[in-house]
Amino acid sequence: MSDRQLFLAARVAEAGLAGWLPDGAVLVTDGRIEAVTRHADLPSDASATHSIVELGDVSLLPGFVETHIHPDKAFIADRTEGLRAGGPTAQTLVAELKKAFTVEDVYRRARRVIELAVRHGCTAMRAHVEIDALVELRAVEALRRLQADVAGILDLQLIAFAQEGIFHDAITRDLLREALKAGLATLGGCPYMDADQRAHIDWFFDTAEALGVPLDFHADSADDPAMLTSDYIAEQTVARGMQGRVSVGHLCMLDVLEPAHRARVVERLREAQIHVVSLPATELHVKGRADARRTWRGITRIAELRAAGVNVSISTNNVVNPFTPYGHPDLLRQALITAMAAHLGNLDQLAWLPELITTNPARALGLADYGLAEGRRADLVVLDAPDAVQAITEQAEKLYVIKGGRVVARSTRRSELAPGLAG
Ligand SMILES: [Zn+2]
């Protein structure tokens, strides 16, 4: 006996978010999409063969996808003073705290991140897990347990990530290799944490090639063009035949390059099929603190990258720690922050912003069965809004979050107006 549902919504996003299907219907069998159609075009026996879920005057989209997030160092803002003028960097503050992380502590905080993310519409996530001489493999142990515990609710991919660089001690490189052999699916580098950025990048490409895993770099996070690495990462991606298997987070430096130089770098990223991930909430908090004349906001050139054909996403990055004390794994919130911070507020831009938290990150993660099309997995989010613009401006409630055809989160928002105002 198969498990069959019929979800009815006023608007259903078309495959690839190309537009909206009015009076839409999504037929699901055993967790996979059987058909996406108009209500009027449903087979006559659909209501007899499927259990009907009437969603009402809402928008139905494919589930949100996080590409770049750090659950292992979330919810530690209350353990430190945070950033202040002339004080230590966020990296330094967190490195100190990390020494005391236990497996249980990491598990508890990371689980809270996952629960919040699911409530807010996330159905797939790729998370960084720090590996170094300070935390060793304790965060790996916690996140691998969590990955198993949330299976069926959230697809959680893990990145073996070298936040502290790899040339400061003798054990980080071995621990990274050990974590990949134990099953972490992606290798994550951070060139600006080592003095020789190119040697760092080379080691990551060599290791990724040897172990057959994709790469994810934190790169070009500062504003000195002399430190640029994304052009070299693109060059190596092509040289090693890894097109489409390399992601780069931050890329803030792109914003300060001369326009002609920027265009050349963007073209190389496009040729190498690099997936760019912008992290606006963190950039707004961390960047531009030393400039006495003007406060640089640090967001990469999202619209230019997209117009040039680069696959660009946005992601949460940090949650309640010195990097982003107000971080929250709600991608609809990140879309609003992006609209505000990156000059993306006209109607056309607000209409395509949802790509940056759905189809584009799904592509970056290589989620082959993602999207609102026949045969794909029924990973869906239902927003209490008539369209993307209103969903973003009003921060619409995520009424249902559906994973593999099963409702995994349900929320409501209740408000009452005084009689004179109520319709
Ligand atoms: Zn990060």
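Worth knowing before you read on, the calculation uses all heavy atoms, side chains too, and leaves out hydrogens, waters and symmetry mates. Just follow the structure's listing: the first ligand is 1, and inside any ligand the first atom is 1.
With a 6.0 Å cutoff to the six-membered ring centre and a 45° limit on the axis angle, Arg377 does not count as a cation-pi contact of Tyr370. At least one test fails for Arg144 against the ring of Tyr107: distance under 6.0 Å to the centre or angle within 45° of the axis.
Protein contacts to the Zn ion (ligand 1) involving N, O or S atoms at a distance below 2.8 Å are His68 NE2, His70 NE2, His218 NE2, Asn317 OD1.
Ring geometry, His70 versus His68: the interplanar angle exceeds 60°, so the pair is classed perpendicular (tilted spans 30 to 60°).
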In sequence, state the C-alpha distance, the side-chain angles, and the governing distance for Phe217 and His250, and then conclude on ring pair (Phe, Tyr, Trp, His ring centres under 6.0 Å).
CA-CA 9 Å; Phe217 288 101; His250 289 297; over 10 Å; no

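For Tyr192 and His200, the distance between ring centers is not under 6.0 angstrom.
In this structure, Gln273 contributes its side chain and Arg270 its backbone to no donor-acceptor pair below 3.5 Å.
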